[in-house]
Amino acid sequence: MAYVISDDCIACGACADGCPVSAISEGDGKYVIDANTCVDCGACAGTCPVGAPHEG
Ligand code: SF4
Ligand code: SF4
């Protein structure tokens, strides 16, 4: 499983900076997680100010 970012994302970029495997990149209006790279550490969920990343 990988984490996914919901539409609540405000594209602040904080999660991308904290991802240990650089799985998060800027998408169309929000940030997105590469499911093949994510190691399910949960750091992005702890960093996000709006709680957008969640377990997929
Ligand atoms: Fe990166 Fe961890 Fe979030 Fe996966 S759960 S996108 S590895 S910070
Ligand atoms: Fe979006 Fe949250 Fe990541 Fe900011 S920290 S880019 S609001 S998912």
Side-chain angles (χ1 to χ4, degrees):
M1 293 298 283
Y3 272 64
V4 294
I5 294 174
S6 78
D7 289 344
D8 291 338
C9 174
I10 57 172
C12 72
C15 57
D17 291 340
C19 179
V21 293
S22 298
I24 309 174
S25 60
E26 192 169 8
D28 184 14
K30 67 170 197 167
Y31 275 61
V32 293
I33 294 171
D34 177 0
N36 293 319
T37 305
C38 175
V39 295
D40 231 3
C41 73
C44 51
T47 302
C48 181
V50 296
H54 55 91
E55 287 183 275

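One-based numbering, in listed order, for ligands and for the atoms of each.
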Minimum heavy-atom separation for [X] and [Y], please, with both atom names.
| X | Y | answer |
| --- | --- | --- |
| Ala11 | Gly29 | CB-O, 4.1 Å |
| Cys38 | Tyr3 | SG-N, 3.5 Å |
| Cys15 | Ile24 | O-CD1, 3.5 Å |

Could you find the nearest protein heavy atom to [atom] and give me its residue, atom name and distance?
| atom | result |
| --- | --- |
| atom 7 (S) of ligand 2 | Ile10 N, 3.3 Å |
| atom 3 (Fe) of ligand 2 | Cys15 SG, 2.2 Å |
| atom 4 (Fe) of ligand 2 | Cys12 SG, 2.3 Å |
| atom 8 (S) of ligand 2 | Ile5 CG2, 3.7 Å |
| atom 2 (Fe) of ligand 1 | Cys41 SG, 2.3 Å |
| atom 6 (S) of ligand 2 | Gly13 N, 3.1 Å |

Can you sort out which atoms of ligand 1 are near [X], meaning under 4.0 Å from one of its heavy atoms?
| X | result |
| --- | --- |
| Cys38 | 4 (Fe), 5 (S), 6 (S), 7 (S) |
| Val21 | 7 (S) |
| Cys19 | 1 (Fe), 6 (S), 7 (S), 8 (S) |
| Val39 | 4 (Fe), 7 (S) |
| Ala43 | 8 (S) |
| Ile24 | 6 (S) |
| Ile33 | 6 (S) |
| Gly42 | 2 (Fe), 5 (S) |

Atoms of ligand 2, numbered as shown, that sit under 4.0 Å from any heavy atom of [X]:
| X | value |
| --- | --- |
| Tyr31 | 6 (S) |
| Cys48 | 2 (Fe), 5 (S), 7 (S), 8 (S) |
| Val50 | 7 (S) |

Min side-chain heavy-atom separation Cys9-Val50 under 4.5 Å: no
Ligand 2 contacted by Ser6 (non-hydrogen, < 4.0 Å): no
Cys44 backbone or side-chain N/O/S under 2.8 Å from atom 2 (Fe) of ligand 1: no
Exam field: side chain Lys30 to backbone Ile5, donor-acceptor pair closer than 3.5 Å: yes
Backbone or side-chain N/O/S of Cys9 under 2.8 Å of atom 1 (Fe) of ligand 2: yes
Cys48 SG to Ile10 CD1 distance, which is reported to the nearest 0.5 Å: 7.0 Å
Interatomic spacing from CD1 in Ile33 to OG in Ser25 - rounded to 0.5 Å: 9.5 Å
Ligand 1-proximal atoms of Thr37, by part, heavy-atom distance under 4.0 Å: neither
